[in-house]
Amino acid sequence: MNILKLLDKLSDDKFFSKEASRLETLTSISAFGKKAAVAAVPLGLGTLMTTPAKAAGLTGGNTYKNTLTDALQLALVLEYLENEYYAIGLSTAGLISNADRPVFMQISKHESAHVTFLKNTLTSLGVTPGAKPTFDFTAGGAFAPFTDYSQFLILAQAFEDTGVRAYKGQAGNVMSNKTVLQAALQIHSVEARHASQVRRMRANKGWIELADGGNMPAATNPVYAGEQNTTQAGYNTATAFGAAAGSAAYDEILTGSDAQTIASLFIV
C-alpha cells in the first residue's frame with residue numbers, strides 16, 4: 001500500500017460513522033512505515049522548533065541535528081499528546097456520553113495510527129523514536145478535563161484547532177516535494193475535520209471568525225491569535241463581506257514557535 005492510498009483511507013469521512021474495523025490494521029501501517037522513503041513521510045507539523053535547545057523541551061532533552069528526523073520527532077510528540085488525551089478520556093468512566101463516544105473512539109484511532117506511522121518511519125530511517133513525554137493535561141491546574149466533560153471538549157477543540165493551524169504553517173517547507181506536500185495536505189484535512197466536528201459538539205460554528213474560538217477560556221487565546229486577519233494577498237476581504245465573514249473565509253497559519261509554546265503547556 002503506498003502513502004497516498006493509506007492517507008486516502010485515513011482522511012475518509014466515513015470514519016466518523018463506521019466501526020473501528022474499517023480502519024486499516026496497525027500492522028499494515030507498520031509494514032508501510034518500514035518501506036517509507038524520505039520523500040514520502042508526513043511532515044505536516046514540520047519543524048516546530050525555533051532552536052535545538054527549545055526543541056529539547058519537547059523531546060525528552062535530546063539535541064537534534066538532522067532536520068528530517070527533528071521534524072518527525074516533534075510531530076510524534078504532538079501526536080503522542082492527542083493520542084494520550086483521547087485514550088484517557090475514553091477510559092474515564094462516565095466522562096464521555098454514549099452519544100459522543102463513537103466520535104472520540106474514531107478520532108482516537110486516527111491519532112493512534114499517526115503515532116504508529118511516525119514511530120515506524122523513524123525506525124526505518126535508523127533513528128530511535130522519542131519516548132512519550134509525561135503530560136499534564138491540567139496545565140498546572142488550569143483545567144480539569146477528566147472530571148468535567150465541558151472542559152474535556154474545550155481542550156479537544158484547542159488541540160485540534162492548534163494542529164490545523166500548525167500543519168498549514170509548515171506547508172511552505174514541503175512544497176519542493178509534491179508527494180510529501182500531498183500527504184501533508186491529506187493529513188491536514190483529517191485534523192481539520194476533527195476540529196470542525198469537536199467545535200460543533202460544543203455548539204460552535206465549524207469555522208473560526210475573528211480571533212474568537214467560540215466560548216473558550218482566556219487561557220486558550222494563543223490558539224486563536226491572528227485569526228482576526230482579513231487581508232489576503234493585499235485584498236481586504238472585510239470590504240466586501242464584513243470583518244467576521246472576511247476573517248473566517250481564510251484560516252490563518254500558526255508559526256512553529258507559537259505551536260511549540262502551546263504544546264509545551266501540557267508537557268511536564
I'd like to know if the side chain of N221 and the backbone of A218 have a donor-acceptor N/O pair within less than 3.5 Å.
yes
Atom CD in E191, atom CD1 in I107: separation rounded to 0.5 Å?
9.0 Å
Side-chain touch M216/R202, heavy atoms, less than 4.5 angstrom
yes
With a 4.5 Å heavy-atom cut-off, do Y149 and D100 have their side chains touching?
yes
Could you check F146, F143, F135 and say which one makes a ring pair (Phe, Tyr, Trp, His ring centres under 6.0 Å) with Y85?
F146
Verify, without hydrogens or angle tests, whether R165 (side chain) and E160 (backbone) share a donor-acceptor contact under 3.5 angstrom.
no
What I'd like to find out is whether the side chain of V164 reaches to under 4.5 Å of the side chain of H188, using heavy atoms alone.
yes
Locate the shortest heavy-atom distance separating A158 from V223; write the atom from each residue and the value.
O-CG1, 3.9 Å
Check whether any side-chain heavy atom of K119 lies under 4.5 Å from a side-chain heavy atom of Y80, and answer yes or no.
yes
For the backbone of H194 and the side chain of R199, can you confirm whether one donor and one acceptor N or O come within less than 3.5 Å of each other?
no
Short side-chain to backbone donor-acceptor contact, T116 and S112, under 3.5 Å:
yes
Looking at CZ of F152 and OG1 of T147, how far apart are the two atoms once the value is rounded to the nearest 0.5 Å?
12.0 Å
When you compare the side chains of E252 and Q232, does any donor N or O come within less than 3.5 Å of an acceptor on the partner?
yes
Examine I88 and V198 and state if one hydrophobic cluster contains both, with Ile, Leu, Val, Met, Phe, Trp and Tyr joined whenever side-chain heavy atoms are less than 4.5 Å apart.
yes
If you look at every heavy atom in P217 and I154, which pair is closest and at what distance?
CD-CG2, 3.7 Å
When you measure from the side chain of R101 to the backbone N and O of L90, does any donor-acceptor pair fall under 3.5 Å?
yes
Distance col, row M105:CE vs H110:NE2, nearest 0.5 angstrom, shows 12.0 Å
Tightest non-hydrogen contact, residues S108 and A87, listed as OG-N, 4.4 Å
Heavy-atom closest pair, residues A243 and T230
O-CG2, 3.6 Å
Exam field: side chain S196 to backbone A192, donor-acceptor pair closer than 3.5 Å:
no
Separation between CG (L81) and CD1 (I267), nearest 0.5 Å, reads 6.5 Å
Mind checking whether F104 and M201 have side chains closer than 4.5 Å, heavy atoms only?
yes
Please check if any side-chain donor atom of Y224 sits under 3.5 Å from a side-chain acceptor atom of D212, or the reverse.
no
Within the 4.5 Å heavy-atom criterion, are T231 and T237 side-chain neighbours or not?
no
Inter-residue atom distance L155.CG - T162.OG1, 0.5 Å rounding
10.0 Å
Is it possible for you to say whether L95 and Y86 belong to one hydrophobic cluster, with membership spreading through side-chain heavy-atom contacts below 4.5 Å?
yes
So, do N204 and Q157 sit near enough that their side-chain heavy atoms are less than 4.5 Å apart?
yes
Interatomic distance, OH@Y235 vs OH@Y250, rounded to 0.5 Å, equals 8.0 Å
If you take all heavy atoms of D251 and E227, which pair is closest and at what distance?
OD1-OE2, 2.8 Å
So do the side chains of P129 and T123 get within less than 4.5 Å of each other, counting heavy atoms only?
yes
Kindly give the heavy-atom pair with the smallest separation between A244 and E209, and that separation in Å.
O-CG, 3.9 Å
Determine, using the 4.5 Å side-chain heavy-atom cutoff (strictly less than), whether V103 and I96 are members of one ILVMFWY cluster.
yes
